[in-house]
Every structure is written in structure tokens, then in C-alpha cells.
Amino acid sequence: MFALIDCNNFYVSCERVFNPSLNGKPVVVLSNNDGCAISRSDEAKKLGVPMGAPVFKYKSIINQHNVVVLSSNYPLYADMSHRVMTTISKFIPDIEIYSIDEAFLKFEGYENYDLFSYASKMRNTILKWTGIPTSVGIAPTKSLAKISNKIARKFPSQTKHVYILDTDYKRSKALNYFPLNDIWGIGRRLSKRLQNIGCKNASDFVNLPEQWVKSNLSIVELKIQQELKGISNLDLDSLKIKKSIATTRSFEKPVSNLSKLKERVSTFSLSCAEKLRRQNSLCNIMIVFIRSNYFRKDLKQHSCSRVVTLPYPTNSSFVLNNYALKAVENMFQDKIYYKKAGVIVTSLVPNNSYQLGIFENEDYRHKSLMKTMDYINSKYGEKIKLANQDLKRKWKMKQEFLSPCYTTRMDDIIKIK
DNA sequence: TCTGGGGTCCTGTGCCGC
DNA sequence: TCTGGCGGCACAGGACCC
């Protein structure tokens with residue numbers, strides 16, 4: 001059996017742990033630049049603030065009902081997530097951390113356990129130790145565990161936040177209940193396509209001939225279909241090695257000036273280099289993109305990307321920065337208001353075993369220089385920069401409603417008098 | 001005025017070499 | 001020497017997830 005454990009309204013719940021006055025009130029947490037609502041309390045959901053809604057469109061609801069609006073505080077959420085995951089692994093060793101607020105678990109050798117009471121004990125412990133409420137769905141496959149988790153969340157008074165989908169009767173009842181786009185892996189586009197051929201709910205999808213699914217959709221949908229039938233196709237993915245690393249941002253204000261754009265992209269490339277070094281990887285390929293604001297139909301649009309195949313695998317800030325800047329110069333067009341840019345590194349290889357080039361290899365001094373740079377920056381804050389970065393950095397992400405970093409910054413720790 | 005970021009995977013297209 | 005078919009590859013773009 002598999003279980004999916006999911007933190008309820010995770011970002012809002014993290015905020016509530018340290019600020020209990022938010023309990024019972026409608027609360028939303030916003031995305032970067034305070035753009036969209038990406039986490040909502042039950043009260044805010046009831047008021048009709050949708051997931052991912054641009055917050056300026058819902059100002060009247062927010063003002064009318066005194067909805068508390070917060071900027072996202074990632075250091076806090078990352079630390080709380082770590083606490084929750086550590087607590088879970090004390091109960092079950094087979095764990096796949098699927099996202100910041102979700103984990104899949106595998107119950108192997110738990111045949112003699114009462115899974116309901118074991119899962120309830122786990123969620124009570126998490127609540128007690130971290131303050132974060134969770135829901136647990138248990139089923140024979142990962143896809144069904146997802147559905148089971150939805151049931152646990154949707155009917156809290158009946159399920160007490162733990163639901164076990166363990167019989168054919170429960171399975172077919174659940175599949176008849178949930179619409180297509182509630183199935184893990186079936187999004188907006190695909191559910192529309194399936195609706196057009198007469199599928200109304202998950203059950204209709206499961207009853208489609210396998211051959212048809214394979215030839216008209218893809219192998220991914222076929223796997224989902226089998227999982228929903230109760231045939232396990234997806235196992236725990238415990239060792240997750242990243243295949244790409246990205247740093248991308250929307251700008252608070254549009255950028256139409258090449259040197260300013262270069263400065264931003266430079267910072268993104270350095271951030272990617274740092275992330276690479278942190279996980280002891282080198283990259284072979286770097287993708288740089290710049291894009292105007294596609295919501296502004298009245299302005300001239302430009303969206304462009306460059307794939308840079310590097311001469312040798314690297315995680316050197318200097319090398320990545322140089323190529324990123326060349327790519328921007330190459331793509332930049334005058335009189336365009338750029339709204340977003342990013343750097344993605346991919347084709348990653350481990351730091352300690354990679355193919356050396358015949359003609360060109362990295363300057364051997366970079367390695368120790370980077371090590372020193374990372375050490376100084378981690379000890380004293382971002383003290384060392386490259387000269388082409390804006391040394392008096394004026395731009396800053398919009399975060400008007402940021403809560404303190406209660407658990408990760410000494411100055412922000414709550415004082416008890 | 002104001003619309004996120006970080007991932008994975010798949011598909012279509014164009015090019016190249018056999 | 002030319003041509004068509006085909007597989008492999010790179011790349012752009014899209015769908016999906018949280």
C-alpha cells in the first residue's frame with residue numbers, strides 16, 4: 001500500500017504556527033513580487049479566491065472581508081517542511097519527498113498494522129511537534145493514494161483527515177465522483193480533449209480501451225489508467241537527482257535597457273552556478289531566455305531563448321556568466337519592455353567524474369577560487385560579487401507583506417517575556 | 001499600474017548522415 | 001552522383017505537477 005501525506009494549506013499553516021491570531025481568519029499567501037494567491041486558508045477559499053488568482057483582481061473581496069494578505073516567506077516554509085518530513089520518516093522509512101508539502105510513503109511489511117490508527121497517530125504527532133495539520137490518503141497505487149488524499153481533505157468530519165481506499169467498491173465510487181482534471185496527471189488541456197470524446201469523470205477514463213489510450217494519448221496516460229485500475233506502475237522515487245536547475249524571475253518593473261537586462265541575467269547565471277556547486281554538479285548546457293509581458297497586448301512582444309552548449313562541463317560563475325551575457329546581447333531587441341528572464345542549466349554531471357575535453361578545459365584555478373568565494377559569501381553574506389553585477393543593487397523583489405523568518409534568522413526568533 | 005518559480009517529460013520539426 | 005527513407009539528435013514549445 002502507498003500513502004500520500006499532504007500538509008493542509010501549507011504556506012498559510014506555516015504562518016499560523018507563529019502567528020496564531022491568523023487562526024479562523026481568511027488568509028492568502030502571495031507568489032513572488034506579490035503577484036498571485038498561491039496558498040489560501042479554508043476561509044479564503046470559501047470567499048471565492050481561486051488558486052493562482054492575480055491578487056489585484058480580487059482586491060474588493062480582500063478589502064470587504066478583511067482577508068489577511070502575506071508575501072511568501074520561503075526560508076520559513078523550507079524549514080517547516082524539513083521538520084514535517086523528518087517527523088514522517090520517524091514513522092515510515094520508505095519515503096519520497098514529492099514536493100515542499102507532500103510525501104509518498106510505502107507500507108511494506110505493515111500487514112498486521114491497523115493503518116488507520118497508525119496514520120492518525122502519525123498526523124497527530126506531526127501536528128503536535130510542528131504545528132502543521134496534514135491529511136493522509138492510503139491506497140494500492142500512488143495515483144489512487146492521490147485520490148484517497150483528496151477524499152480525506154474534502155470530507156474531514158467523516159474521515160478525520162485519514163482515508164483508506166482499499167476495496168473495489170470504494171475505488172469505483174471515488175472514480176465516479178471525481179471529475180477528470182482531479183486526476184493526477186490529467187490537466188486542463190487533456191481533460192477537455194477527453195470530455196470531447198464523451199468522458200465525464202475518472203471512471204469513464206479508466207474504461208477507455210488501453211490500446212486507444214496508448215495510441216491517441218501517450219504512455220504516461222496509459223500508466224495513469226493502470227494505476228487507477230489498482231495496478232501499481234509507479235514506485236517510490238527516493239533518490240531524486242536533479243536533471244536541471246533554474247533561476248528565473250519576473251521583474252517588478254519592465255526592463256528595456258540592455259545593460260540592466262544583462263545585470264539581471266548575470267545574477268541569475270551566478271545563482272545557477274552556486275546551486276550547481278552546492279549539489280556538486282557541473283553542467284554541459286545552459287539555456288538563457290528573455291520575454292516581454294504577454295498580458296500587455298498593446299505592446300510589441302518578443303520572446304526568445306538561446307541554448308548554449310558549453311565547451312566543457314562547468315560550475316564556474318565566470319564561465320556561465322560570460323556565456324549568459326553573450327546570449328543576452330545576441331537576443332536583445334531595442335524598444336521591447338522585457339518582463340521576465342531566466343537561466344536554466346541542464347545536462348548535469350557529477351563534479352568528480354566527467355569527460356575532459358581534448359582541446360579546451362576549465363582554468364584549474366577557478367575551482368579553488370569558487371570554493372573560497374562560496375565560503376566567504378556563506379560566512380559573511382553576499383560580500384563577493386562580479387564587477388558586472390549591479391554593486392549598489394537597486395532592484396528588489398516586491399514583498400510588502402513579509403512575515404519574519406521565525407526559525408532561520410536569529411533576530412527574528414520569537415521572544416517570550 | 002499590478003498576472004510566480006522550479007521542476008519533469010513528451011512531441012513536433014528540421015537537420016544530418018547512413 | 002543523386003534521391004528517398006529512416007533513425008538519431010537538438011531544439012522549441014507545450015503540458016503537467018507542486
Side-chain angles (χ1 to χ4, degrees), chain A residues 4-7 9-11 28-39 49-59 62 69 71-74 77-78 81 96-104 142-143 146 149-150 180-194 214-224 234 237 240-254 268 271-272 275 279 284-289 291-299 303-309 331 337 339-348 397-401:
Chain A
L4 178 72
I5 179 159
D6 176 290
C7 302
N9 314 330
F10 183 54
Y11 295 172
V28 296
V29 174
L30 306 182
S31 62
N32 275 354
N33 276 321
D34 293 344
C36 300
I38 52 165
S39 178
V49 182
M51 179 63 175
V55 77
F56 73 91
K57 283 192 179 171
Y58 291 85
K59 267 224 162 101
I62 289 168
V69 174
S71 303
S72 37
N73 183 344
Y74 287 106
Y77 311 149
S81 171
E96 170 193 343
I97 298 173
Y98 180 67
S99 72
I100 194 163
D101 73 329
E102 267 181 66
F104 281 106
K142 283 170 95 176
S143 301
K146 271 270 185 190
N149 180 279
K150 273 189 199 251
L180 288 164
N181 55 355
D182 271 350
I183 307 172
W184 187 37
I186 297 187
R188 257 198 318 254
R189 189 82 178 229
L190 205 56
S191 65
K192 206 172 171 187
R193 233 177 110 187
L194 289 167
K214 198 180 171 187
S215 49
N216 289 275
L217 304 174
S218 79
I219 190 78
V220 180
E221 281 73 35
L222 183 68
K223 276 188 182 173
I224 295 171
L234 307 167
D237 212 352
K240 269 196 185 149
I241 296 159
K242 272 194 197 144
K243 296 182 176 168
S244 66
I245 288 174
T247 303
T248 68
R249 289 285 181 283
S250 293
F251 309 141
E252 192 198 339
K253 284 181 189 147
F268 300 155
S271 155
C272 281
K275 289 181 192 174
Q279 66 157 44
N284 282 294
I285 292 172
M286 174 171 62
I287 301 155
V288 184
F289 74 85
R291 166 184 311 164
S292 56
N293 185 353
Y294 43 65
F295 292 104
R296 292 289 304 272
K297 306 284 184 219
D298 53 322
L299 297 177
S303 171
C304 195
S305 69
R306 286 279 179 275
V307 179
V308 183
T309 305
M331 288 187 285
Y337 291 95
K339 177 66 181 168
K340 185 170 180 171
V343 175
I344 302 159
V345 289
T346 182
S347 183
L348 307 186
M397 197 167 40
K398 197 170 153 194
Q399 281 185 311
E400 288 180 12
F401 320 102

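From a predicted model like this one, the values you see are computed outputs, not experimental measurements.
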- prompt: Roughly how many Å is it from OH in Y98(A) to P in dG6(B), rounded to a whole number?
  reply: 17 Å

message: Does L190(A) reach a base, just sugar-phosphate, or nothing at all? Heavy atoms under 4.0 Å.
response: sugar-phosphate

- prompt: Once you round it to whole Å, what is the distance between C1' of dG7(B) and CG of N32(A)?
  reply: 15 Å

- prompt: When all nucleic acid strands are considered with a 4.0 Å heavy-atom cut-off, which category describes K253(A): base, sugar-phosphate, or nothing?
  reply: nothing

message: Holding to side-chain contact (heavy atoms from CB on, under 4.5 Å), I want the full list of residues that pass it with Y74(A), two or more places apart in sequence or in another chain.
response: Y11(A), N32(A), I38(A), S72(A), Y77(A)

query: Sequence neighbours excluded, which residues qualify as ring-ring contact (aromatic ring centres under 6.0 Å, His included) partners of F289(A)?
result: none

field: Proximity to the side chain of R296(A) - top-ranked nucleotide from dC18(C), dC2(B), dT3(B)
entry: dC2(B)

task: Name the nucleic acid region contacted by K339(A), choosing base, sugar-phosphate or nothing; use a 4.0 angstrom heavy-atom cut-off, strictly under.
output: sugar-phosphate

task: Could you check whether D34(A) gets within reach of a base, just the sugar-phosphate, or nothing at all, counting any heavy atom under 4.0 Å?
output: nothing

- prompt: Within the structure, does a side-chain N or O atom of K146(A) lie under 4.0 Å from either OP1 or OP2 of dC18(C)?
  reply: yes

task: Mind calculating the distance between OH (Y74(A)) and P (dG5(B)) to the nearest angstrom?
output: 9 Å

query: Does the ring of W184(A) lie flat against the base of dC17(C), closer than 5.5 Å centre to centre with planes under 30°?
result: no

- line: Between NZ of K242(A) and C1' of dC18(C) the distance, given in whole Å, is 14 Å

Please write out each protein N/O paired with an N/O of nucleotides 11-14 of chain C under 3.5 Å, distance rounded to 0.1 Å.
none

task: List for me each residue that meets side-chain contact (heavy atoms from CB on, under 4.5 Å) alongside V55(A), sequence neighbours excluded, and say none if there are none.
output: L30(A), I62(A)

task: Please check if the side chain of K243(A) supplies one atom and the backbone of S347(A) the other of a donor-acceptor pair under 3.5 Å.
output: no

- line: Ranking dG4(B), dT1(B), dC18(C) by distance to the side chain of S250(A), first place goes to dG4(B)

query: Can you give one letter per nucleotide of nucleotides 9-14 of chain B, going 5' to 3': B for a protein heavy atom under 4.0 Å from the base, S for sugar-phosphate only, - for none?
result: SSS---

field: Rounded distance (Å) that lies between atom P of dT8(B) and atom CG of L234(A)
entry: 16 Å

- request: Apply side chain to side chain donor-acceptor pair (under 3.5 Å) to R306(A) and list each qualifying residue two or more places apart in sequence or on a separate chain.
  value: N330(A)

message: I'd like to check the side-chain contact (heavy atoms from CB on, under 4.5 Å) partners of T247(A); sequence neighbours left out, ordered by chain and number.
response: R249(A), F268(A), S271(A), C272(A), K275(A)

- prompt: Sub-3.5 Å donor-acceptor pair from the side chain of D34(A) to the main-chain atoms of E400(A), do we have one?
  reply: yes

field: Set of residues satisfying side-chain contact (heavy atoms from CB on, under 4.5 Å) with respect to S191(A), sequence neighbours excluded
entry: L180(A), N181(A), I186(A)

N/O (side chain, K340(A)) to phosphate O (OP1/OP2, dG5(B)) under 4.0 Å: yes

field: Set of side chain to side chain donor-acceptor pair (under 3.5 Å) partners for T248(A), sequence neighbours left out
entry: none

- request: Could you give the distance separating dC2(B) and dC18(C) at their P atoms, to the nearest angstrom?
  value: 29 Å

field: Between dG4(B) (P) and Y294(A) (OH): distance, integer Å
entry: 6 Å

- prompt: Which sits closer to the 5' end of DNA chain B, N293(A) or I245(A), going by the nucleotide each is nearest to?
  reply: N293(A)

- prompt: If only side-chain N and O atoms of R249(A) are considered, is one of them under 4.0 Å from the OP1 or OP2 phosphate oxygen of dG6(B)?
  reply: yes

query: Counting any heavy atom closer than 4.0 Å, what does T247(A) reach on the DNA or RNA strands: base, sugar-phosphate only, or nothing?
result: sugar-phosphate

query: Quick one: F104(A) CZ to dC17(C) P, roughly how many Å, whole number?
result: 12 Å

- prompt: Starting at NZ of K57(A) and ending at P of dG4(B), how long is that distance when rounded to a whole Å?
  reply: 11 Å

- prompt: Can you find a side chain N or O atom of S244(A) that sits less than 4.0 Å from OP1 or OP2 on dG7(B)?
  reply: no

- request: Tell me what I344(A) touches on the nucleic acid: a base, only sugar-phosphate, or nothing, going by heavy atoms under 4.0 Å.
  value: nothing

message: I'd like to know if the side chain of N293(A) reaches the main chain of F295(A), judged simply by a donor and an acceptor atom lying under 3.5 Å from each other, with no hydrogens or angles considered.
response: yes

- request: State whether the side chain of N149(A) and the backbone N or O of L4(A) hold a donor-acceptor pair below 3.5 Å, judged by distance alone.
  value: yes

